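All remarks here apply to the structure that follows.
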Amino acid sequence: MKKQNTSSMRVRKFITNSFVHVMLAVLGFIWVLPIFFVILTSFRAEGGSYKSYVLPRGYTLDNYKKLFDGSTSLTFTNWFFNTLIVAIATCLLSAFFVLSVSYVMSRLRFKMRKKMINIAMILGMFPGFMSMYAVYYILKGFGMLEAGPLKLVALVMVYSGGAGLGFLVAKGFFDTIPKTIDEAAFIDGATKWDVFRKITIPLSKPIIVITLLQSFMSPWVDYIFAKVILGQDRKYYTIAIGLWTMLEKEFVEYYYTQFFAGCVLISIPISILFLILQRFYVEGVSGAVKG
Amino acid sequence: MAHKKQKKSKIYAPLRDVGFGTAFTQGNGITKLSALIFGLGNFLHKQVMRGFIMLAFELAYIYYMVTFGLNSIKDFITLGTRVQEEVFNETKQIYEYVTGDNSMLCLLYGVVTIFLTLGFILFLVTSVKSAYITQKKVEAGKPVPKFKDDLSSLLEQNLHKTLLFIPVTGILCFTIVPIVFMILIAFTNYDRNHQTPGNLFDWVGFDNFISMFSGNGVLANTFWPVLGWTIVWAIFATFTCYILGMLLAIVINREGTRFKGFWRFLFVLSVAVPQFVSLLTMRTIFNTNGAVNAILRDIGIIGASQSVPFFTDPTIAKITIICINIWIGVPFTMLTTTGILQNIPKDLYEAAKVDGANAFVTYFKITMPYMLFVTTPTLITSFVGNINNFNVIFLLSGGGPESLEYYYAGKTDLLVTWLYKLTMTNKDYNLGAVIGIIVFIILATLSLLTYRKTGSYKDEETFQ
């Protein structure tokens with residue numbers, strides 16, 4: 001009687017497990033399919049845009065080569081380096097802003113603290129680009145929108161200018177570092193600045209990595225602000241607006257396959273970065289010092 | 001609580017929390033005079049550098065106000081009076097443009113001047129307080145801190161000022177001033193018919209809000225449907241991704257599933273691709289001539305010349321967008337919930353098993369409540385994020401299909417994409433600003449109602 005019971009349970013378990021695996025395989029297939037489509041199309045030999053078939057009839061590397069030969073006004077190489085420079089500058093600046101503000105809000109106690117946290121939350125609820133037009137005129141007032149290279153500086157200022165507002169996640173992380181560690185350091189004669197530099201920062205690797213990663217990614221993926229600030233000068237485009245331009249009506253027939261080649265080139269480094277660092281996401285959410 | 005108070009008194013010197021009122025009324029003549037001549041109290045007590053810096057700020061402000069500020073306040077109230085016009089130049093025998101006022105710049109400079117004035121008032125308060133504190137120290141015979149001490153306090157009890165200075169300046173320039181500026185624009189008639197510098201605009205009070213909400217005007221007829229779709233979209237986008245992502249995480253993490261790492265990798269791959277790439281790709285895939293329609297034609301579900309109107313039929317477009325958003329959002333939820341799922345105490349499940357609970361019961365009685373408790377803030381953030389989800393709509397459908405009944409909006413436009421179209425394409429800045437304010441009000445109410453009730457807001461000191 002008992003034996004029969006366990007064997008029927010085993011059968012049921014086997015059926016559930018098989019079902020789960022088949023389902024996961026189907027879902028996984030759906031999730032990876034568009035990525036395959038991008039990769040396949042990027043190697044497609046036939047030019048033109050939409051085809052009545054999905055699998056390419058011929059394969060070539062030309063789409064990749066054309067991106068770099070600089071024969072047209074769509075200069076992928078320029079876009080790439082523009083974005084890279086903007087991303088690195090933004091990444092360093094805004095990570096510094098975010099970490100300073102979140103350390104202050106988490107560790108230091110002063111009169112305006114609670115008020116400032118509330119103000120930051122309120123500001124975060126305005127749609128980001130409601131004020132885009134005003135930002136545009138402020139930058140113009142600074143004379144930042146005259147020459148191409150300055151526009152890139154302006155872009156860095158826009159991306160990192162409000163970064164300090166995004167302190168909540170990092171603050172939550174700092175909150176989990178026990179205060180007793182700080183107090184022990186104070187007894188040993190450390191200043192608050194020493195504690196920030198020598199204790200909090202080294203203990204906060206996951207959240208620093210997340211902050212750096214996110215602020216590095218935002219210039220790669222931002223479309224709206226870049227579009228407004230960079231205007232019409234194609235040489236100073238970033239990747240995102242550059243690739244978007246390739247899909248515009250006047251270019252799509254010629255650049256359709258190159259668009260996908262560009263997408264692949266951009267996605268590879270970012271994906272690798274993301275896949276290496278994804279474990280920090282989990283750690284960043286769950287806190288610093290365990291137990 | 002008692003413990004906390006004790007700590008506080010240890011950190012703060014008793015004089016640091018003195019208010020402006022007490023400082024001014026209880027200070028001596030010099031302290032009172034410091035409200036007029038900044039830094040005077042510090043000067044007289046040998047804090048030369050500190051006094052000098054304060055005085056320099058005062059002089060700079062006065063210089064600014066005299067040369068520029070007072071005018072800009074006047075212009076801020078009138079928003080400019082002289083229209084740019086053509087005047088016949090007798091000597092040159094040609095018409096010349098005489099530059100008039102620019103209402104936009106009047107408004108912007110006015111806002112800047114107001115902020116500088118607020119800063120000035122802040123300095124006035126600081127000056128009096130600082131003079132009072134120094135006065136008290138001298139009376140008590142305590143040493144007066146030198147400039148060197150002031151500097152080193154910037155790394156100690158005033159560290160927050162050091163660390164906050166640049167970030168807050170950034171926020172002020174690129175967030176607060178622009179937001180105030182745009183809020184003010186909502187009360188003007190700055191639309192396509194009142195473009196600077198050729199024309200002036202003026203204050204109109206609540207007119208824009210009234211035409212947005214009421215009557216059978218085309219604006220109100222656009223606003224309410226767009227608002228409705230925004231809310232429907234935010235609810236669907238948030239909860240589909242949340243529930244399905246969590247289910248996926250549970251399925252991958254359950255005991256019997258093998259190759260956990262591989263499955264996770266498959267799904268995470270789509271998160272790793274930059275969002276604009278996946279969105280633009282999805283747009284081309286679901287295009288009228290895109291891959292999906294090509295496949296459907298190939299296998300004969302639709303005729304050779306037919307196509308499913310993924311982005312051209314209002315209802316189907318909405319469904320398509322929500323489905324594509326699931327593709328984008330579910331892996332991300334899976335990623336973030338995996339860690340939390342692993343943190344649920346295992347003995348809860350064992351106890352449930354002993355009591356004979358099945359998978360569904362454990363899910364609804366243990367997993368779900370635990371997850372909801374931990375992730376409510378994330379859930380609110382993603383709901384807010386979805387109301388503001390510009391990228392998904394703009395890059396996928398561009399708000400289309402266009403509609404003639406709407407005022408420059410498409411059937412899938414959210415409030416934010418409509419806002420973008422109104423300001424960037426149509427130059428109806430006043431209407432854009434009104435929508436921005438409405439979005440803000442919706443989000444603020446929502447967050448106030450929910451966020452303040454969550455544990456992470458109330459008990460931020462739990463871990464310390």
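Lettering of chains follows the sequences in order, A, B, ..., and the numbering in each one begins at 1. Note: hydrogens, waters and symmetry copies are ignored here, and every other heavy atom, side chains too, is used. Please read these numbers as outputs of a predicted model, since none were measured by experiment.
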- Under 6.0 Å between ring centres, would you say that holds for B:Phe390 and B:Tyr420? yes

- Message: Between A:Ala163, A:Ser160, A:Ser267, A:Gly162, who has the most heavy-atom pairs with chain B when the cutoff is under 4.5 Å?
- Response: A:Ser267

- Give the member of A:Val101, A:Leu165, A:Thr41 that has the highest number of heavy-atom pairs under 4.5 Å with chain B. A:Leu165

- Name the member of B:Leu159, B:Leu266, B:Thr169, B:Leu108 that forms the most heavy-atom pairs with chain A at distances under 4.5 Å. B:Leu159

- Return yes if some donor-acceptor pair links the side-chain N/O of A:Trp31 with the main-chain N/O of B:Ser270 below 3.5 Å, else return no. no

- Quick one: which of B:Val384, B:Leu248, B:Val439, B:Thr281 has the most heavy-atom pairs under 4.5 Å with chain A, could you say? B:Thr281

- Query: Under the salt bridge (charged side-chain N to carboxylate O under 4.0 Å, His left out) test, which residues partner A:Arg197, sequence neighbours left out?
  - Reply: A:Asp194

- Are A:Arg113 and A:Asn118 linked by a side-chain donor-acceptor pair shorter than 3.5 Å? no

- Is chain A contacted by the side chain of B:Ile437, its backbone, both, or neither, given a heavy-atom distance below 4.5 Å? both

- side chain to side chain contact (heavy atoms under 4.5 Å, CB included) with A:Ser102: which residues, sequence neighbours excluded? A:Val98, A:Phe167, A:Ala170, A:Lys171, A:Phe174

- Message: Is A:Tyr136 close to chain B through its backbone or its side chain, or both, or neither, when contacts mean heavy atoms under 4.5 Å?
- Response: neither

- Message: Can you tell me which of B:Asp298, B:Thr284, B:Val112, B:Leu279 forms the most heavy-atom pairs within a distance under 4.5 Å of chain A?
- Response: B:Thr284

- Item | chain B interface, residue from A:Leu93, A:Thr180, A:Val20 that has the most non-hydrogen pairs under 4.5 Å | A:Val20

- Please check if the side chain of B:His160 supplies one atom and the backbone of A:Phe110 the other of a donor-acceptor pair under 3.5 Å. no

- Task: With a 4.5 angstrom heavy-atom cut-off, could you sort out which part of A:Phe37 is near chain B: side chain, backbone, both or neither?
- Result: side chain

- Message: Is a donor from one side chain sitting under 3.5 angstrom from an acceptor on the other, for A:Tyr223 and B:Asn391?
- Response: no

- Below 4.5 Å from any heavy atom of chain A, which atoms of B:Ile183 appear? Answer side chain, backbone, both or neither. both

- Item | Distance-only side-chain donor-acceptor flag, B:Arg264 / B:Asn253, under 3.5 Å | yes

- Message: Taking side chain as everything from C-beta outward and backbone as N, CA, C, O, which of these in B:Thr423 sits under 4.5 Å from a heavy atom of chain A? Side chain, backbone, both or neither.
- Response: neither

- Task: Specify which of B:Thr175, B:Leu419, B:Val111, B:Leu164 makes the most heavy-atom pairs with chain A at under 4.5 Å.
- Result: B:Leu164

- Assert top hit (heavy-atom pairs under 4.5 Å, partner chain A, pool B:Ile387, B:Leu269, B:Val180, B:Ile252) equals B:Leu269

